Protein chains: 2
Amino acid sequence: MKYKATSFDIAYKAGVSQSTVSRALRNSPLVNEETRHKIHAIAKELNYKVDKNASNLRSQHTGTLALLLFEDPTMDDSLINPFFLSMLGSITRAAAKKGYDLLISFQQLSDDWHADYEDASKADGIILLGYGDYLDYEEKLEKLYEQGTHFVRYGSVAENQPGVSFGCDNYQGGYMATQHLIKLGRKDFIFLGGASDNSPEFRARYQGYCQALKEAGLRIRDNAQLDAISTEESGYQAAQQAFEQKIKFDAVICASDLIAIGGIRAIKAHGLTIPTDVSIVGFDDIPIAHFANPPLTTIQQNTRLAGEMLVDALINLIHNLEVKASLTPATLIVRESCGSEQT
Amino acid sequence: MKYKATSFDIAYKAGVSQSTVSRALRNSPLVNEETRHKIHAIAKELNYKVDKNASNLRSQHTGTLALLLFEDPTMDDSLINPFFLSMLGSITRAAAKKGYDLLISFQQLSDDWHADYEDASKADGIILLGYGDYLDYEEKLEKLYEQGTHFVRYGSVAENQPGVSFGCDNYQGGYMATQHLIKLGRKDFIFLGGASDNSPEFRARYQGYCQALKEAGLRIRDNAQLDAISTEESGYQAAQQAFEQKIKFDAVICASDLIAIGGIRAIKAHGLTIPTDVSIVGFDDIPIAHFANPPLTTIQQNTRLAGEMLVDALINLIHNLEVKASLTPATLIVRESCGSEQT
DNA sequence: CTGAAAGCGCTTACAG
DNA sequence: CTGAAAGCGCTTACAG
């Protein structure tokens, strides 16, 4: 490893004090224009980079944001939800744009909270992205909140949640998806996905779904909501159940794309054709949706916007500015899994 | 923010010196069993965490690995190759397992190398994952190498490359894919993907392909290798070109799954059926491959293993141990895009 | 086994 | 506008 230049080396070469070098490099207005230029030139020549550890230690902040991805331990390692990967990408970009480093950490929901705290001490703030059971998750949020840690999270947005939350307008998304199928003349709906306190995002989608049905004067059958978590297999099982219970349907609204992909498999397995016999719509717009067979109509979450909002909000929080929860719009992406108008 | 305990607080409570606390916390054998227990207990009670900046500054290492993802600036932001996302996941896990933090940074290939250096100063070593033109990329590697930076990269593995490289056995993968279609009775092959110095990974796959054809006594047509980069659109265009040039084919080997997905679209658009009329195989085994229509036969890269190898190798490099380039095995995943035996 | 002390490379009052 | 000096919270010889 090459010798690493320090601010003293620069000071010596420039014939000024180390304090002045430090100020010049941070572009303090306190330093003479000319000296500053000279110092910058020497720094460049020497390949000088400020030592982050030293500057962070001294100024008591890290310039780093931590991204915690909570995983449900029941999930298969290899099949991390593509939606979260997409969020990860947009958060990384957003953080970089603001000059923050991003520390990434995958955790099991079951890990004890000391691990979170550990991460908290390495970063100025935390971004939480979780899946799995919300009720387990909430405990962690409360711990973090008590600790006075700066954090934002992406997921369901509701009253009485610890900390600041951002999320997609799930209710509106569920509503739009359902309305779209209603317009297409569909009458018998089922909903694939959990709708309990354990998955508040899914529940909001379900509520939007119910609202659309209600407004159209269509019945909401009690047995037509089948639980599923966000995996292909679980979606398959849920649809399978609908068949076993002999629930008649020509329209299926899914709480996620992965669920929809599984649903499609089950529907095809029963010899039905999509969208002729049944229309189906997903949620998220993960890349796979586009390549499903048939291509899946879905509700798109704006991950790019979400990433920026999360990062901006967290930085504001760190600077003790006020930040409030907000929703990102949901967009209907029409593809071929719904068919076109019919009567 | 709550008051943050320091090693002095613990020392005071335990009635020992701060040096002893530091040693106890690092589990130095120099400290009395009993005192160590007491110190650990107090640390836990006080929610004490070692200040990373201070310890890193003092001991002159960071405990952090940087992951640089180079992107070809021509790529669409939103469509980061799912394969890299998968690598990212496995590297994150592998780093965490070894107790290293992972700093993530997306960069354009066009960024000047100072940016890399910047990252180098924040981490003990760098993992490089790049796509886009290899020739541009190589320059960066050389710069990094000259600087004496510890780094490993994933991609093509060959002689005369600066630094240590890991990668999938692309040659073998291309060979296996081709051989599979040969066994199925296919005769007229085309290859979709670049095969020049600009994309050495693709070239290795192409060479494996050529070898398999040669061994089977099948002809390798000069015009049957169509350039494509790893996007759906580019794959579509390449297949399109094959049709325009009236190249007859019943088997297509693709340099990546994304290319294959685009190829499938073009083939279907020409009214041909897969796999009846033509067999197609991809490379990577990204999640989409499974859901393609028909499900895509492909060559799987073991990203989990690759992530572990990269992290282990980099850590060894940091400790000045010897490390050498190696290949990860390629695995044929048979799905429906090839059909079954026929004559 | 333990303590006193130096020092990692910065930032930032303080004094001019 | 500039410099001398303190100090961020650790680790690690050095001396016992």
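For clarity, every value in this text was computed on a predicted model and none was experimentally measured. Chain letters run A, B, ... following the sequence lines, proteins first and then strands; every chain starts at 1.
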Open item on the list: Parallel, tilted or perpendicular: which one describes the rings of A:Phe83 and A:Tyr154, with boundaries at 30° and 60°?
Closed with: tilted
TODO: List in chain and number order the residues that pass salt bridge (charged side-chain N to carboxylate O under 4.0 Å, His left out) with A:Glu142, two or more places apart in sequence or in another chain; answer none if no residue qualifies.
DONE: none
- [ ] Identify, between A:Thr20 and B:Ser59, the residue whose nearest nucleotide on DNA chain C lies closer to the 5' end.
- [x] B:Ser59
Task: Gap in Å between the two C1' atoms, one belonging to C:dG16 and one to C:dT12, rounded - done: 16 Å
Task: Secondary structure of DNA chain D in dot-bracket form (Watson-Crick or G-U wobble, distances below 3.5 Å, | marking inter-strand pairs) - done: |||.||||||||.|||
TODO: Apply side chain to side chain contact (heavy atoms under 4.5 Å, CB included) to the pair A:Phe84 and A:Leu69, showing each step before the final yes or no.
DONE: CA-CA 8 Å; A:Phe84 287 90; A:Leu69 278 161; 4.2 Å; yes
TODO: With sequence neighbours left out, write down each residue that passes side-chain hydrogen bond (donor to acceptor under 3.5 Å, both in side chains) with A:His61, or none if nothing qualifies.
DONE: none
Open item on the list: What residues from residues 10-18 of chain A pass a heavy-atom cutoff of under 4.0 Å to DNA chain C?
Closed with: A:Gln18
Open item on the list: Mind checking if A:Ser7 touches a base, just sugar-phosphate, or nothing, with heavy atoms under 4.0 Å?
Closed with: sugar-phosphate
Task: Partner residues of B:Ser165 under the side-chain hydrogen bond (donor to acceptor under 3.5 Å, both in side chains) criterion, sequence neighbours left out - done: B:Arg153, B:Gln161
TODO: Taking heavy atoms of chain B and a 4.0 Å limit, find me the 5'-most and 3'-most nucleotide of DNA chain D within that range.
DONE: D:dG9 to D:dA13
Task: A:Leu46 vs A:Ile10, side chain to side chain contact (heavy atoms under 4.5 Å, CB included): CA-CA, chis, key distance, verdict - done: CA-CA 8 Å; A:Leu46 258 40; A:Ile10 298 177; 4.1 Å; yes
TODO: Just grab all the salt bridge (charged side-chain N to carboxylate O under 4.0 Å, His left out) pairs involving residues 305-323 of chain A, residues at least two apart or on different chains.
DONE: A:Lys97-A:Glu308, A:Lys98-A:Asp312
Open item on the list: Which residues pass the side-chain hydrogen bond (donor to acceptor under 3.5 Å, both in side chains) test with A:Glu201, not counting sequence neighbours?
Closed with: none
Task: Sequence-distant partners of A:Asn27, side-chain hydrogen bond (donor to acceptor under 3.5 Å, both in side chains), two or more places apart - done: A:His40
Open item on the list: Show, in sequence, the C-alpha distance, side-chain angles and deciding distance for A:Met87 and A:Leu310, and conclude whether the side chain to side chain contact (heavy atoms under 4.5 Å, CB included) test is met.
Closed with: CA-CA 10 Å; A:Met87 284 294 296; A:Leu310 286 166; 3.7 Å; yes
Task: Non-hydrogen atoms of B:Ala95 and B:Leu65 that approach each other most closely - done: CB-CD2, 4.3 Å
- [ ] Determine the contact category for B:Ser55: base if any of its heavy atoms lies under 4.0 Å from a base atom, sugar-phosphate if only primed atoms, P, OP1 or OP2 are that close, otherwise nothing.
- [x] sugar-phosphate
Task: Set of salt bridge (charged side-chain N to carboxylate O under 4.0 Å, His left out) partners for B:Glu33, sequence neighbours left out - done: B:Arg36
Open item on the list: Please compare B:Arg23 and B:Asn53 by the position of their nearest nucleotide in DNA chain D and report the one closer to 5'.
Closed with: B:Asn53
Open item on the list: Suppose we screen for salt bridge (charged side-chain N to carboxylate O under 4.0 Å, His left out). Which residues come up paired with B:Lys13, at least two apart in sequence or across chains?
Closed with: B:Glu45
Task: Sorted by number, the residues of residues 27-42 of chain A with heavy-atom contact under 4.0 Å to DNA chain C - done: none
